[in-house]
Visitor: 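Sharing a structure here in structure tokens format.
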Amino acid sequence: MILHNYDLFENCYRVRLVASCAEVALELINVDAFPGEEEKSPEYLKLNPLGRLPILEDDGHVLRNLLAILMYVAEQDINKRFIPDDAKGRARMMDWLGFACDDLAVAVQARAVALLDAAGDVAELRAQARALFRILDDHLTRQSLRGDNFVAGDVPSLADLALFPAFALSRDFNLDHDEFPALRLWARRIRLLPGFITMPGIPDYH
């Protein structure tokens with residue numbers, strides 16, 4: 001399984017994190033995304049006409065959508081430990097996985113503007129991300145009151161792994177993590193998962 005990867009892209013880290021926690025081997029092909037924009041080269045546009053990373057290749061199949069890539073990698077885990085086997089649990093996981101991959105794209109963009117010279121209004125993107133993290137922090141507070149430590153239940157799911165990078169890396173665009181106590185506690189739990197890997201910019205949350 002080949003991941004076309006740029007180490008500092010948050011969405012590439014999401015795939016690497018899921019693969020590591022799920023004990024799925026990846027071959028990394030590192031792409032000169034910044035400043036080279038190699039993912040927009042004619043060669044890469046044949047793999048992904050949208051000119052984006054990550055791209056996953058496996059046995060002749062090419063996946064370009066982040067949510068599809070994360071699901072595919074997690075499904076390779078022989079123990080299926082991050083995908084609930086009951087319909088309601090799976091639906092809750094998918095609900096928050098969509099939040100991670102779709103709604104929190106504003107956090108990914110805010111970080112890209114702040115660090116990688118992407119186009120956009122970082123102040124406006126930060127405000128949008130803060131409002132979304134408030135929703136997630138409130139949800140985790142309610143979960144805790146029910147005795148559940150993770151977003152979709154009492155055990156970690158793919159949604160937790162997909163959500164973690166957006167919050168953990170948000171200090172790169174000057175979001176104050178002290179505003180989100182439930183998220184900070186949850187992030188500590190994610191860091192303790194077997195197979196957890198980090199990347200530059202991820203806090204320790206001591």
Side-chain angles (χ1 to χ4, degrees), residues 3-19 21 31 33-35 37-40 44-45 47-56 62-74 82 91-140 150-152 156-177 179-180 182-183 186-187 190 198-203:
L3 177 67
H4 297 269
N5 168 75
Y6 181 63
D7 281 349
L8 296 182
F9 276 178
E10 177 180 319
N11 287 343
C12 293
Y13 170 58
R14 281 170 157 156
V15 181
R16 299 194 307 270
L17 176 63
V18 170
C21 290
V31 180
F34 182 79
E37 295 191 328
E38 187 182 1
E39 74 276 20
K40 295 179 172 60
Y44 267 98
L45 289 175
L47 287 174
N48 185 0
L50 295 172
R52 288 198 303 248
L53 296 175
I55 301 167
L56 189 78
V62 180
L63 293 176
R64 310 164 185 89
N65 177 271
L66 177 62
L67 192 152
I69 291 171
L70 295 174
M71 281 291 298
Y72 186 78
V73 171
F82 297 108
R92 286 194 299 269
M93 182 271 290
M94 288 298 300
D95 195 27
W96 286 105
L97 183 60
F99 186 86
C101 295
D102 298 329
D103 300 291
L104 281 176
V106 297
V108 176
Q109 184 63 18
R111 181 173 174 272
V113 173
L115 289 189
L116 303 173
D117 204 28
D121 182 339
V122 70
E124 175 58 29
L125 290 165
R126 185 190 304 114
Q128 293 177 40
R130 177 181 285 111
L132 292 168
F133 288 131
R134 173 54 53 209
I135 291 170
L136 184 54
D137 193 80
D138 289 346
H139 170 71
L140 285 165
F150 298 96
V151 295
S157 72
L158 179 58
D160 294 281
L161 297 178
L163 286 162
F164 172 80
F167 176 67
L169 292 168
S170 63
R171 293 202 308 192
D172 285 344
F173 56 89
N174 294 322
L175 195 76
D176 184 0
H177 284 188
E179 297 179 38
F180 306 101
L183 273 167
W186 165 82
I190 300 298
T198 189
M199 69 166 279
I202 301 287

Visitor: If you compare all heavy atoms of A33 against all heavy atoms of L53, which two are closest, and at what distance to 0.1 Å?
Guide: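 Closest heavy-atom pair between A33 and L53: CB-CD1, 4.2 Å.
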
Visitor: With a 4.5 Å cut-off on side-chain heavy atoms, are R52 and K40 touching?
Guide: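 No, side chains not in contact.
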
Visitor: Please name the pair of heavy atoms, one in A166 and one in F133, separated by the smallest distance, quoted to 0.1 Å.
Guide: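 Heavy-atom minimum between the residues: O-CZ, 3.4 Å.
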
Visitor: Kindly say whether A182 contributes a backbone atom to a donor-acceptor pair with the side chain of D137 at under 3.5 angstrom?
Guide: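 Yes: the side chain of D137 pairs with the backbone of A182.
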
Visitor: Which residue is it: L163, V73, L70? I am looking for the one with a side chain to side chain contact (heavy atoms under 4.5 Å, CB included) to L158.
Guide: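 When side chain to side chain contact (heavy atoms under 4.5 Å, CB included) is applied between L158 and each of L163, V73, L70, only L70 qualifies.
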
Visitor: Check this for me, if you would: do R130 and E179 make a salt bridge, where the nitrogen-to-carboxylate-oxygen distance has to be below 4.0 angstrom?
Guide: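 Here R130 pairs with E179 in a salt bridge, since their nearest N and O are under 4.0 Å apart.
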
Visitor: Between D95 and R92, is there a salt bridge with N-O shorter than 4.0 Å?
Guide: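 Salt bridge between R92 and D95, a charged N being under 4.0 Å from a carboxylate O: no.
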
Visitor: Taking the side chain as C-beta and beyond, is there a heavy-atom pair between L183 and H177 under 4.5 Å?
Guide: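 A side-chain contact under 4.5 Å is absent here.
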
Visitor: Compare all side-chain heavy atoms of L104 with those of F99 and state whether any distance is below 4.5 angstrom.
Guide: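 Counting from C-beta outward, L104 and F99 do come under 4.5 Å.
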
Visitor: Side chains of F9 and V31, heavy atoms from C-beta outward: is any pair under 4.5 Å?
Guide: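 Result no, sub-4.5 Å side-chain heavy-atom pair not found.
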
Visitor: For residues Y6 and F34, establish whether the separation of their ring centroids is below 6.0 Å.
Guide: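 Not close enough - the centres of the two rings lie 6.0 Å or further apart.
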
Visitor: Would you check, one step at a time, whether the test side chain to side chain contact (heavy atoms under 4.5 Å, CB included) holds for I55 with Y44?
Guide: CA-CA 9 Å; I55 301 167; Y44 267 98; 3.9 Å; yes

Visitor: If only atom types and distance count, is the side chain of R126 paired as donor or acceptor with the main-chain N or O of R111 below 3.5 Å?
Guide: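 Pair absent, no side-chain N/O of R126 close to backbone of R111.
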
Visitor: Hey, is the main chain of A100 close enough, under 3.5 Å, to the side chain of R14 for a donor-acceptor pair?
Guide: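 Indeed, once roles are kept as given, a pair shorter than 3.5 Å links the two residues.
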
Visitor: Which is it for M71 and M94 under the side chain to side chain contact (heavy atoms under 4.5 Å, CB included) test, yes or no, and what are the steps along the way?
Guide: CA-CA 10 Å; M71 281 291 298; M94 288 298 300; 3.8 Å; yes

Visitor: Kindly give the heavy-atom pair with the smallest separation between L125 and A110, and that separation in Å.
Guide: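 Smallest heavy-atom distance, with atoms named: CB-CB, 3.6 Å.
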
Visitor: Can you tell if the side chain of N48 reaches within under 4.5 Å of the side chain of E39, non-hydrogen atoms only?
Guide: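 Not touching, per the 4.5 Å side-chain cut-off.
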
Visitor: Distance check, rounded to the nearest 0.5 Å: F82 atom CZ versus F150 atom CZ?
Guide: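 F82 atom CZ to F150 atom CZ measures 9.0 Å (nearest 0.5 Å).
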
Visitor: How close do V62 and L47 get, heavy atom to heavy atom, and via which atoms?
Guide: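 Closest heavy-atom pair between V62 and L47: CG1-O, 3.7 Å.
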
Visitor: Output the distance between atom CZ (R16) and atom CG (N5), rounded to the nearest 0.5 Å.
Guide: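 Rounded to the nearest 0.5 Å, the CZ-CG separation comes out at 4.5 Å.
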
Visitor: Going from CZ on F167 to CG on L136, what distance comes out if it is rounded to the nearest 0.5 angstrom?
Guide: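 Atom-to-atom, F167:CZ and L136:CG are 8.5 Å apart.
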
Visitor: Measure the OH-CG distance between Y13 and L161 for me, rounded to the nearest 0.5 Å.
Guide: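 Rounded to the nearest 0.5 Å, the OH-CG separation comes out at 9.0 Å.
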
Visitor: Taking the side chain from Q109 and the backbone from A119, do they hold a donor-acceptor pair closer than 3.5 Å?
Guide: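 Indeed, once roles are kept as given, a pair shorter than 3.5 Å links the two residues.
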
Visitor: Which pair of heavy atoms, one from P54 and one from L66, lies closest together, and at what distance?
Guide: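 Smallest interatomic distance, heavy atoms only, reads CG-CD1, 4.1 Å.
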
Visitor: Taking D160 for the side chain and I190 for the main chain, is one N or O donor matched with an acceptor at less than 3.5 Å?
Guide: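 It does not hold such a pair.
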
Visitor: What are the two closest heavy atoms between A162 and L97, and how far apart are they?
Guide: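 Where A162 meets L97 most closely, the heavy atoms are CB-CD1, 3.5 Å.
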
Visitor: How long is the straight-line distance from CG of L169 back to CG of L8, given to the nearest 0.5 Å?
Guide: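 CG of L169 is found 9.5 Å from CG of L8.
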
Visitor: Assess whether side chain to side chain contact (heavy atoms under 4.5 Å, CB included) is satisfied between N11 and V108, documenting all intermediate values.
Guide: CA-CA 8 Å; N11 287 343; V108 176; 3.9 Å; yes

Visitor: Say you draw a straight line from CG of D7 to SG of C12; how long is it, rounded to the nearest 0.5 Å?
Guide: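 Separation between the atoms: 8.5 Å.
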
Visitor: Within the distance-only criterion (no hydrogens, no angle test), does the side chain of H139 pair as donor or acceptor with the backbone N or O of V151 below 3.5 angstrom?
Guide: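 Here the side-chain-to-backbone pair exists.
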
Visitor: Answer whether the closest heavy-atom distance between the side chains of I202 and F164 falls below 4.5 Å.
Guide: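 With C-beta onward as the side chain, the pair touches.
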
Visitor: Donor-acceptor check, side chain of R171 to backbone of G201, threshold 3.5 angstrom: yes or no?
Guide: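 No, the answer is negative, given that no donor and acceptor are paired below the 3.5 Å cut-off.
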
